[in-house]
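Just so it is clear: chains get the letters A, B, ... in the order the sequence lines come, proteins before strands, and each one is counted from 1. Fair warning: this is a prediction, and the values are worked out from it, not measured in the lab.
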Amino acid sequence: MKKYQEFKQVDYPNIGESVLQYWKENNIFNKSVANREGAETFTFFEGPPSANGTPGIHHVMARTLKDIFCRYKTLKGFQVKRKGGWDTHGLPVELQVEKELGITKEDIGKKITVEEYNRKCRETVMRFKDEWDDLTEKIGYWVDLDDPYITFDAKYIETLWHLLKRLYDKDLLYKGYTIQPYSPAAGTGLSSHELNQPGCYRDVKDTSITAQFKLKGEESTYILAWTTTPWTLPSNSALAIGEKLDYVKVKTFNPYTYDAQTVILAKSRLSAYFNPKAKELSLAEYKAGDKLIPYEVVGEMKGADLLGLEYEQLFPIEAISLPHPAFTVVSGDYVTTEDGTGIVHLAKAFGADDFRTLVQNNVPGVFVQDEKGNDIPVVDKQGKFLPIIGEYLAAKMKEHGITAHKDYGVNDFYVKNYTDDNEDDKEYKNTDVIISIILKNESKAFKVEKYEHSYPHCWRTDKPILYYPLESWFIKTTAYKDRMVELNKTINWKPEATGTGRFGNWLENLVDWNLSRSRFWGTPLPIWRTKDGSEEICIGSIDELKSEIKKSIEAGLMESSPINEEEIDLHRPYVDDVILVSPKGVAMYREPDLIDVWFDSGAMPYAQWHYPFENEDIFKANYPADYIAEGVDQTRGWFFTLHAIAVMLFDTVSFKNVIANGLVLDKNGNKMSKRLGNAVDPFKTLKEYGPDALRWYMLSNANPWDNLKFSLDGVAEVQRRFFGTLQNTYNFFALYANLDEFVYDKSKSIPVAQRTELDQWIISKLQSLITDVESSMDNYDATKATRAIMNFTVDQLSNWYVRLARKRFWRGDMNADKQAAYETLYECLMSLSQLMSSFAPFYSDWLYKNLTDSSENQMESIHLTDWVGVDASLINKDLEESMDLAQRISSLVHSLRKNPKIGIKVRQPLQRILIPVLSEKSKVQIQHVEDLIKSEVNIKAIEYIDDASDVLVKSVKPNLPVLGKKLGPKMRFVVAAINTWGKEQISEIERNGKIYVDVDGESLELLLEEVLISSQDIPGWSVATDQELTVALDVTLTEELKQEGIARDLVNRIQNLRKDMGLEVQDKIHIQIAKHDDLVNASFENFGSYIKTETQALSLETLETVSDAIALDMDEFELSVKVLKAN
RNA sequence: GGGCCUGUAGCUCAGGUGGUUAGAGCGCUACACUGAUAAUGUAGAGGUCCGUGGUUCGAGUCCACGCAGGCCCA
């Protein structure tokens, strides 16, 4: 019975499936958590995905990255609870439902009730859960899928309400407004997502005005500002300049009224406003009506010089006059001179930049008061001017005799075409045009023209949108900005720059968090208000809601509770039907907004455990997280909301270590998309390559925080090179271990110190590998860890250890040396299975089982084992250096042998190599591995050349890093001098430890350690060198060497014959050979026993002739040979 | 427009604190090995280190300005 299973070929996908099955049947994941009960916790937070779409290959990346550190920490002895989660709210779900039902947002409440709509959302959002779970399992992402948190769950929402109330109680929740895209035609705000719908941005021709703002206290001097939205001009309350930009003062005439005037604009915009042909014209000779308007630059200044200048309000309407510092010049960092005048007109209500700039400068905006005393803009929500402006414009039309396609009443001044008036009417004039004409007539317009630009439109009504102030609820994150910045510095970000740069800068420029969303499917804002806004209540729990409902029913405001007590649902429409009663006995209605879904996910550390209503102990043991990982696109999303809530409410970080991973692109570096057809199907890839190679490829190919150019060829390469090599190594072990009936038994194993140097070396290398993997993983660097494991497996273990030790496994019967080889290889494979288990969880477990099937005290799975750390006593750096020399020397000899001038194949033994040694130490180091080198490159002896021999030629070069610090600019002279040195100077510095060099008449002392001495040549020999190492090869072929070469050739040919005959490794043979020339005959005579041993021949006969012989091609000649299988 | 990331061989990527001749794997070419064999080894060819300036005795590495691609935000 075979102790170690052997495999002809390996079906990696099948390993994945069968190991997965085994895990399920034996509950391995649960055990891996349960086994660590009572141990220190390592906390991981799952950033919830949304299951309303199918998972892609990038999710394999993200989920693998999450998985590996949890597995690693489990091995290290921590208990790692990982609760899965689902993100279920938000616009994408709503849009998908609307698409499927063929409805729009307007239809909600009309064609379909909110109740039905939300039920549909609830169904849709988990549609692909099964597919997600399937992928999660198949890639080996261990996370609790049976009891995940779900953001639409009433308990989950209850925690959110609790958190919101805590914010409310700290005065961090307030109602304000912000400038948002708004569709007057649809009467709703638009999300940036809606704005990014194809076709939203359209090229339109709008009337643009360069308006003239008259400076106070100066005669006819104007600042020019350009706008594509003239209707915002009545709301102007400041002008912005760029402080570093250059501006000019120009004397000229108004092109419409021909009045003499002085204007100010950016210097680089001169040519856009003035015809160069007019430059030579004299101002004095100008006559009103002349087409070419002369101009003269009369002053120049920086933007900073303009700051604080005051000007007259453009539309002097009493009701909208403002106190100082309105109508002054302020600084705006976004001002450019790409178009316009380099001066930007600011209207607080109609631009986000405008709003921000004016708030920063404490400049009031143009607003009027409604009946409640609230500020409202002069444009109403239907998109038309309030009568207060309408009256003014209507009066001005009359005054200037302006006629249009219709009679404009005070309520007709829509700022965009929301009326469906016929724009093709010859007399058609919109509000922008009317404003332009008024300004032209009043000498307040410098230039009016049609301007084509891209402007966003409402995707539902096709009408242009407005940027408009909308009411919103905010979290006052700015109040905690400094603390957030401070605590962020304690977070270990991978990569670091995302933490300091992208996230750090974001925190530095923090604005208050706009929580409000005007939608249907999401967490409702738990705030109820009286109609006049004077009283309000924030509800923080279901119990509180119930008791407030009770009060309200008692007060007679509701007949019964709209909330189903049996099955509590806190969504709309039920909460909207709840009317509460204020302390003064007034009815309170819920603020209709839903909250930003990012609050949902940012609250998961608390809500996943229904804290503080339940599970306080679990929460406390698992907060904050030790580790999280998500895409870098989440920086201002999940990473921020986690951080913000934690800092504001708990004064702590939410996570201590975080990896922000990059994107998965296609192999050409393009974004993957289903539409373009370059998306990689994860299920198909898994089926073809299995989970381990896929995971390994993704981790090892590039750092996770860089974008990954995903290529199936890369996966195949990992599979072949790494897994294939490892599998070959295992198979090699299994084949011979089974033949020798070797079974690993630690208690009987030979102490490492008694094994060969090769064994000691690979064990030492293995310890170094463990150190590397540990430190990489402790530093959240999986790429380094996987690369180190690969290098060890392929280069050290397989291509050096196994290759050199091969014969020990198959020659002769079981003995101590053989046992040591088995044990060494076995120990390496066992260690590898644990080291790689985090990254390749399936294959490693399978390997572990194959290695331990016949062992008595095996664990059920590698994932249930304890981490076997480094045994420092087994590290032998000296030996590692020796072996490194052996590898390099062998490589040099190989390169010499295949040099065209020499051309002697490895099978032909050679007498000796010569190695110059500069110190006794390096000589001893090489001597340690002499036998290995000799057998590897097939030479009989190594001879050393040291100072005592006169054939050694040394060379010297400067030790630049050392000398540079000492000499600085004198370096190159000294370097030049050193490069001319010969034997004499070298021996002088070696003898005295120093030497003097003349530079420019100055004598400089150079020390021995400031130069590097190496041997580079042996006169009369072919040498090969690699850095300080030099090897010479003796190519003399003696008779005996030739005979041995022939013998080896024969062995080689007979081994081929054996294989062709289909013989098993242990089969014995008889050999008959026909005699050839003297050299060949002598070879068989002298090396007969060697040939017999190697080929497992019982006899070797040399005969005059051999019947039924095969002609063996020996390159230079042929031999008649017959091989018979022994009985 | 702003912030951040990336740019090194045909491809995928390494290249502490600046140091003489910039590395690995894949691919390619040649050779070798043939009891790990649908494997493997060795060697070779292949580079304006995105560009331009600067700092320095010396720059792939540090600084500035650009270019190209990407992400996020306006």
Side-chain angles (χ1 to χ4, degrees), chain A residues 8-9 192 333-336 338 352-353 356 495 497-506 508-509 631-637 660 662-663 665 667-671 697 700-703 705-711 713-714 716-718 720-722 724-725 727-736 783-784 787 790-791 794-795 798-800 802-803 806-807 809-811 890-891 893-900 903 905-907 936-937 957-965 967-975 978-979 1012 1027 1052-1053 1055-1056 1058-1059 1063-1066 1094-1096:
Chain A
K8 277 249 160 2
Q9 54 204 19
S192 59
D333 50 13
Y334 46 85
V335 177
T336 69
E338 273 172 27
D353 274 338
R356 186 168 48 82
T498 299
T500 55
R502 193 184 278 212
F503 194 68
N505 290 342
W506 162 250
E508 291 290 347
N509 297 307
V632 67
D633 53 335
Q634 299 284 340
T635 306
R636 291 170 184 191
L663 267 64
L665 308 170
K667 63 179 174 188
N668 299 317
N670 299 313
K671 212 170 163 174
Y697 163 71
S700 66
N701 186 67
N703 286 316
W705 43 87
D706 290 331
N707 289 348
L708 173 68
K709 289 183 196 163
F710 185 87
S711 148
D713 292 341
E717 187 185 325
V718 162
R720 198 169 47 75
R721 187 168 164 73
F722 174 60
T725 304
Q727 183 56 32
N728 266 333
T729 308
Y730 167 77
N731 263 344
F732 175 83
F733 166 81
L735 174 69
Y736 292 108
T783 306
K784 268 209 174 107
R787 285 177 180 174
M790 254 192 303
N791 174 275
V794 176
D795 293 338
S798 171
N799 289 344
W800 192 253
V802 172
R803 195 151 56 83
R806 215 152 61 186
K807 284 188 179 166
F809 291 88
W810 52 265
R811 184 181 279 161
S890 300
S891 175
V893 176
H894 276 132
S895 100
L896 278 169
R897 274 182 173 271
K898 70 168 32 169
N899 182 322
K905 57 192 173 187
V906 180
R907 213 183 291 135
E936 173 64 12
V937 297
K957 56 183 185 178
N959 187 347
L960 293 170
V962 177
L963 274 179
K965 285 198 180 63
L967 298 173
K970 292 175 204 150
M971 269 285 277
R972 52 178 149 153
F973 305 110
V974 176
V975 169
I978 292 173
N979 286 338
L1012 300 168
Q1027 294 171 48
N1052 163 259
R1053 303 302 194 273
Q1055 299 289 31
N1056 285 345
R1058 284 183 56 115
K1059 250 175 91 183
L1063 296 186
E1064 294 293 322
V1065 173
Q1066 63 274 26
E1094 290 293 315
T1095 60
Q1096 305 208 56

Quick one, give me the B/S/- string for nucleotides 7-17 of chain B, reading 5' to 3', where B means a protein heavy atom under 4.0 Å from the base and S means that only happens at the primed atoms, P, OP1 or OP2.
-----SSS---
Taking side chain to side chain donor-acceptor pair (under 3.5 Å) as the test, write out the residues that go with A:R787, two or more places apart.
none
Between A:V906 and A:W705, whichever has its closest RNA chain B nucleotide further toward 5' is A:W705
Need one value for A:V974: base, sugar-phosphate or nothing, where a base atom within 4.0 Å counts as base even if backbone is also close, heavy atoms only.
nothing
Would you say a side-chain N or O of A:N1056 is under 4.0 Å from OP1 or OP2 of B:rU34?
no
Determine: side-chain N/O of A:S891 to OP1/OP2 of B:rA43, distance under 4.0 Å, yes or no.
yes
Under the side chain to side chain donor-acceptor pair (under 3.5 Å) test, residues paired with A:N1056 that sit two or more places apart
none
Give the B/S/- string for nucleotides 25-31 of chain B, one per nucleotide from 5' to 3', where a protein heavy atom under 4.0 Å of the base yields B, of only the sugar-phosphate yields S, and otherwise -.
SS----B
Would you classify A:K957 as touching base, sugar-phosphate or nothing, given that sugar-phosphate means primed atoms plus P, OP1 and OP2, and contacts are heavy atoms under 4.0 Å?
base
Touch check for A:L663, heavy atoms < 4.0 angstrom, all strands: base, sugar-phosphate only, or nothing?
sugar-phosphate
Distances for protein N/O vs nucleotides 60-67 of chain B N/O pairs under 3.5 angstrom?
none

With P as the reference atom in both, quote the distance from B:rG1 to B:rU48 in angstrom, rounded to an integer.
32 Å
C1' atom, B:rC33 versus B:rG46: distance in rounded Å?
26 Å
A:R907 side chain N/O closer than 4.0 Å to the phosphate oxygens (OP1, OP2) of B:rC33?
yes
Mind checking if A:K671 touches a base, just sugar-phosphate, or nothing, with heavy atoms under 4.0 Å?
sugar-phosphate
Starting at the 5' end of RNA chain B and moving along, which residue's nearest nucleotide shows up first, A:N959 or A:N731?
A:N959
Give one of base, sugar-phosphate or nothing for A:G714, where a contact means two heavy atoms less than 4.0 Å apart.
nothing
Once side chain to side chain donor-acceptor pair (under 3.5 Å) is applied, do any residues pair with A:E717, and if so which ones, sequence neighbours excluded?
none
